[in-house]
Protein chains: 2
Amino acid sequence: MKQRRTPPTAADRYGIKTLQSSLKSMEGIYQCDANYVHLSPISFLERAGIAYADKVSIVYGSVRYTWRETLERCRRLASALTQMGISHGDIVAAFAPNIPALYELHFGTPMAGAILCALNAWQDSAMLSMRLSELEAKIIFVDSQHLEVVLEAFDILSTKGTKPPMLVLISENDQEISPTVSNTASGNLEYENLLAKGRPDFQVIRPKDECDPISVSYTSGTTSNPKGVVHCHRSAYLNSLAEILLNGMGLMPVYLWTVPMFHCNGWCFPWVMAALGGTNICLRNVSAKIIFDSIAEHKVTHLGGAPSILTMIANAPASDRKPLSYTVEIMTGGAPPPPQVLFNIEGQGFHVTHSYGMSETLGPGTVCMWKPEWESLPRSEQAKLKSRQGLQQLLMEDVDIKDPITMESLPSDGKTIGEVMLRGNVVMRGYFKNLKATNESFRGGWYRTGDLGVRYPDGYIEVKDRSVDVIVSGGENISTVEVETVLFSHPAIFEAVVVGRPDDQLGEVSCAFVKLKEECNASAEEIINFCGHHMPQYMVPRTVIFEEPPKTSTGKMQKYVLREKAKAMGSLPF
Amino acid sequence: MKQRRTPPTAADRYGIKTLQSSLKSMEGIYQCDANYVHLSPISFLERAGIAYADKVSIVYGSVRYTWRETLERCRRLASALTQMGISHGDIVAAFAPNIPALYELHFGTPMAGAILCALNAWQDSAMLSMRLSELEAKIIFVDSQHLEVVLEAFDILSTKGTKPPMLVLISENDQEISPTVSNTASGNLEYENLLAKGRPDFQVIRPKDECDPISVSYTSGTTSNPKGVVHCHRSAYLNSLAEILLNGMGLMPVYLWTVPMFHCNGWCFPWVMAALGGTNICLRNVSAKIIFDSIAEHKVTHLGGAPSILTMIANAPASDRKPLSYTVEIMTGGAPPPPQVLFNIEGQGFHVTHSYGMSETLGPGTVCMWKPEWESLPRSEQAKLKSRQGLQQLLMEDVDIKDPITMESLPSDGKTIGEVMLRGNVVMRGYFKNLKATNESFRGGWYRTGDLGVRYPDGYIEVKDRSVDVIVSGGENISTVEVETVLFSHPAIFEAVVVGRPDDQLGEVSCAFVKLKEECNASAEEIINFCGHHMPQYMVPRTVIFEEPPKTSTGKMQKYVLREKAKAMGSLPF
């Protein structure tokens with residue numbers, strides 16, 4: 001051991017940062033580098049690079065990385081960003097599907113002190129130009145197959161006199177996956193070249209405060225224009241732990257990337273996987289066949305499934321399926337799984353965990369925790385219990401059903417409808433450049449979800465509808481979710497969406513948009529008749545339209561489009 | 001829904017607390033009640049009271065509580081403490097074994113804004129009086145069977161002119177467990193009466209800051225006088241999550257209380273159990289028979305085991321054992337399990353997770369994470385890998401082996417010995433009223449464990465010895481742990497401790513204190529001979545003394561007592 005050096009100053013020696021004001025009375029204790037570190041998911045990757053050094057971190061076609069390599073690549077990326085002038089608080093945009101580069105950007109960007117905005121790669125150039133105009137990102141990373149849309153969006157920006165961000169092209173060397181596009185963007189930077197310039201020993205930049213932003217994620221836009229949800233390092237760190245705990249995940253899982261990373265940061269899973277040293281199976285496209293093939297090839301343990309993914313699996317043709325040799329965990333959210341879909345999927349050997357959240361909670365806000373005593377109940381009863389949204393997950397502080405005007409808690413009677421409200425460390429910091437929307441959503445000190453629900457005597461909540469979706473018919477509230485659940489139980493129906501249609505007498509009546517299963521038949525009259533046997537008369541749709549419901553790029557139904565359509569139909573004649 | 005009230009003020013409406021300084025540049029985001037809650041394990045209990053309302057929280061003899069009851073009892077306790085004048089930052093002491101009241105104090109005390117000091121209930125009145133004199137607790141909760149010691153300590157305090165704290169007696173109604181003591185402490189308060197006076201709807205007091213102290217826990221005193229380790233709400237919250245993750249614990253475990261709650265807050269498990277809605281099997285005393293009986297009766301899933309508990313299980317007479325019908329998880333720490341003990345215990349159907357920590361880390365600092373590729377190695381190789389202390393657990397930021405003078409990281413070669421250092425949010429706030437000790441332990445911005453160890457190329461660390469325990473013999477360092485591991489592998493040896501004995505020629509030589517197994521025999525010469533075949537000659541003990549090594553109340557070897565004894569022996573003649 002070496003000789004003692006010149007004694008450092010007191011501040012150096014103890015790394016003392018602050019004396020907590022409320023602790024001043026207790027002698028002998030303080031906060032310093034030894035006992036306080038700003039929470040950040042960056043820590044997960046730095047640990048994974050050692051703890052899981054030789055384990056496979058990413059699989060994408062024939063591409064394989066280990067955690068040692070992923071840590072090094074992310075360090076290089078952060079280093080390169082820093083060299084390009086990106087620093088604390090800058091926004092780095094990305095426009096790509098679930099490819100390795102987008103995974104790496106989830107670490108490389110915050111490791112440079114910057115904020116990641118993974119943009120929905122399914123939007124068109126007009127929408128993209130609006131996002132870019134708002135974001136003022138300094139740089140955008142673009143998947144080669146999505147280059148045209150971005151260049152078009154750049155043209156729109158230029159027309160408006162806005163300077164587009166610097167472009168980094170993510171090209172693919174693996175010809176089996178996709179042909180490298182011709183270099184239409186000459187003069188632009190290329191992702192792998194950039195990494196090569198970055199330093200592998202780059203000193204990672206930590207957040208100045210754990211409440212500093214780590215990401216901006218645009219909402220799917222089910223009810224309005226997408227809003228940029230800002231999350232911080234602390235919420236990303238804590239919500240990653242929450243995902244692990246609520247899904248009962250063990251070390252080194254194999255995760256299939258069916259949920260887009262650009263949707264709510266893939267429900268936190270880029271960070272979760274580093275925390276657990278798991279393997280990311282990256283996918284450019286998703287289909288039932290790809291899902292079953294990937295499970296068989298990579299021994300997938302977990303996947304996320306928006307409602308559309310569950311429906312896809314439930315209705316997969318026999319030729320696309322492969323029998324499961326073990327239970328595969330599916331984490332679902334966005335909408336409660338209809339009982340028929342649930343039975344079908346669990347019958348195939350999947351186990352479904354239903355949680356409820358939104359971009360504003362960076363994934364799960366509540367979870368329908370399963371109770372052992374429910375095991376002995378009839379299957380239909382189980383499905384009913386499972387479709388409830390449940391209780392706040394462990395790291396969400398509280399959930400409540402409140403009167404949105406008085407903020408009083410409503411009775412836990414399973415009947416009284418109020419607004420679902422959440423509060424806790426995993427709630428967003430607010431909406432990007434939209435103080436009005438932030439204020440509106442945090443009014444009263446709770447995050448107002450805009451969803452309407454009830455609370456049962458056991459404390460579990462159930463979402464009945466989005467407040468904008470609820471149909472008011474002759475003074476009665478109709479939960480469109482309840483009507484849809486009945487429609488889904490019809491053997492011929494593949495998908496169903498219910499909205500209000502104007503009615504001169506009742507104000508509104510329900511109107512169903514329905515897609516039938518292939519080779520199935522059912523008339524509007526038959527469906528209306530079926531509903532009449534399964535719900536009160538006032539809820540029964542008066543109109544059934546056979547048409548595939550439009551969805552957002554993340555698989556959520558775009559009710560507002562259908563609502564406009566139904567509105568245009570006008571009232572039914574008496 | 002009710003009418004809108006008079007509009008609240010802006011601060012009321014949004015519950016805005018602070019605008020993060022570093023975020024000022026980003027419009028639209030802020031910190032408020034909706035998105036920031038001070039981390040505290042209190043949240044776990046409030047959630048358990050709803051999520052696990054009817055599940056059994058505590059079993060103690062014929063006593064049973066549910067989580068609804070435990071939440072209510074802790075609210076009553078906090079309310080009663082508040083009524084008695086206890087408030088933010090006050091210290092509440094307890095002197096009791098693992099009975100339900102001590103569990104409830106882990107929540108009731110912080111829920112009144114106060115700080116819990118669970119005192120070692122095995123210490124004598126002289127030691128206790130010193131702790132009480134330092135603590136200046138306003139109140140002490142005392143188990144009826146421990147009343148005499150406390151009253152004696154009060155007498156000592158009175159002699160010195162110090163006013164003793166208010167005493168609350170915890171009596172037991174269950175005659176099967178223990179006879180209620182005669183009311184020698186008339187005029188004092190009684191625990192159940194106190195709870196009866198508390199309000200079940202008490203508004204829980206949250207910490208003003210998550211870094212406010214939640215507990216003071218005295219160290220076991222293996223090397224010096226016990227020091228009061230102060231932990232905060234944040235570290236208790238985060239380390240509870242760490243325990244769940246590193247032990248792979250699922251929901252609703254059944255935990256057997258073999259680790260004293262007064263030792264490092266039972267490694268965080270009072271809080272862990274509320275987070276998971278588990279069942280606490282409380283125990284006044286521990287023996288191999290009680291452990292096996294409890295497992296059989298209560299379907300125990302997890303227990304903690306200091307080294308002495310592992311030895312107890314490994315050496316239990318056949319009549320005390322019961323075969324396990326499923327794998328029971330044992331979490332061990334304090335010292336690496338000797339391979340023989342490990343083989344024995346795992347052979348019985350237990351699964352051992354070895355983590356390394358100390359009071360200063362509120363439980364595990366590092367964990368020996370098992371790698372799947374080790375499964376195919378020979379058993380002795382596995383035991384060697386498993387006895388390493390491993391890597392920082394997920395919520396500890398970092399572990400390193402450093403030169404304690406220069407603070408440089410030493411090579412990961414498995415050979416170069418340095419000091420084990422840790423840093424992260426689960427490290428203590430400091431030592432109670434002992435700024436000098438705090439400064440010394442945080443010098444350089446890391447927590448200095450005082451343990452000496454090496455780091456292997458795979459990043460895993462191994463503790464070789466306490467820096468005060470290491471023997472320097474003829475210029476060579478002897479790891480007493482290594483010599484002890486060899487001694488433990490001798491078939492006749494039950495327990496062994498090695499310390500340095502003065503030597504005129506070599507400075508020090510090793511000296512073994514050994515306890516043989518019942519009905520086993522071995523001479524000093526045989527043991528020395530055995531060592532000669534399993535270690536370099538300079539490490540072999542020159543003296544073997546047949547004597548049961550003294551232990552601390554938490555089962556750790558008191559090497560300093562034996563060191564004194566060996567010192568008194570003087571040098572061996574040439």
Side-chain angles (χ1 to χ4, degrees), chain A residues 1-5 13-15 20 22-23 25-37 43 47 50-51 89 208-209 211-213 230 241 244-245 248 250 275 369 391-392 394 397 403 405-406 423-425 427-435 438-439 442-447 459, chain B residues 1-2 4-5 13-15 20 22-23 25-37 43 47 50-51 89 208-209 211-213 230 241 244-245 248 250 275 369 391-392 394 397 403-406 423-425 427-435 438-439 442-447 459:
Chain A
M1 293 180 191
K2 312 224 176 126
Q3 289 300 303
R4 187 183 289 272
R5 292 173 176 174
R13 286 213 306 280
Y14 312 124
Q20 292 300 111
S22 53
L23 307 187
S25 61
M26 190 183 274
E27 194 202 330
I29 70 171
Y30 52 80
Q31 185 167 308
C32 65
D33 288 345
N35 64 14
Y36 194 95
V37 178
S43 306
R47 183 173 177 276
I50 299 167
K208 292 183 189 168
D209 186 288
C211 293
D212 282 355
V230 179
L241 300 179
I244 297 170
L245 293 167
M369 189 184 68
L391 286 167
Q392 74 268 28
L394 187 61
E397 197 61 23
D403 177 319
I405 307 295
T406 66
R423 63 182 190 89
N425 292 300
V427 168
M428 63 167 179
R429 294 281 105 189
Y431 294 112
F432 183 70
K433 291 189 184 172
N434 195 341
L435 189 60
T438 306
N439 284 344
F442 287 165
R443 196 157 35 87
W446 288 70
Y447 166 61
Chain B
M1 292 178 191
K2 310 222 177 125
R4 188 183 288 275
R5 291 173 178 173
R13 286 211 308 277
Y14 312 125
Q20 292 300 112
S22 53
L23 306 187
S25 60
M26 190 184 275
E27 194 203 330
I29 70 172
Y30 51 81
Q31 183 166 309
C32 65
D33 288 345
N35 64 15
Y36 193 93
V37 178
S43 306
R47 183 173 177 275
I50 298 168
K208 291 183 189 168
D209 186 288
C211 293
D212 282 355
V230 180
L241 300 179
I244 297 170
L245 293 167
M369 189 183 70
L391 286 167
Q392 73 268 29
L394 187 60
E397 196 61 24
D403 177 319
I405 308 295
T406 66
R423 62 182 190 90
N425 293 299
V427 169
M428 64 167 179
R429 294 282 103 188
Y431 294 113
F432 183 68
K433 290 187 183 173
N434 196 341
L435 188 61
T438 305
N439 283 345
F442 286 163
R443 196 158 35 87
W446 288 70
Y447 166 61

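Order of the sequence lines sets the chain letters (A, B, ...), proteins ahead of strands, with each chain counted from 1. Only this structure's heavy atoms are used, side chains among them; waters, hydrogens and symmetry mates stay out.
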Inter-residue atom distance B:Y447.OH - B:T438.OG1, 0.5 Å rounding: 10.5 Å
Gap between atom CD of A:E397 and atom OH of B:Y36 - 0.5 Å precision: 12.0 Å
Contact class of B:Y431 relative to chain A, heavy atoms under 4.5 angstrom: backbone
Residue among A:N425, A:L435, A:V427, A:L241 with most heavy-atom pairs under 4.5 Å to chain B: A:N425
Contacts of type salt bridge (charged side-chain N to carboxylate O under 4.0 Å, His left out), residue B:R423, not counting sequence neighbours: B:D398
A:N434 portion near chain B, given a 4.5 angstrom heavy-atom threshold: backbone
Part of A:L394 lying under 4.5 Å from any heavy atom of chain B: both
Partners meeting side chain to side chain contact (heavy atoms under 4.5 Å, CB included) with A:L391 (sequence neighbours left out): A:R455, A:Y460, B:I50, B:A51
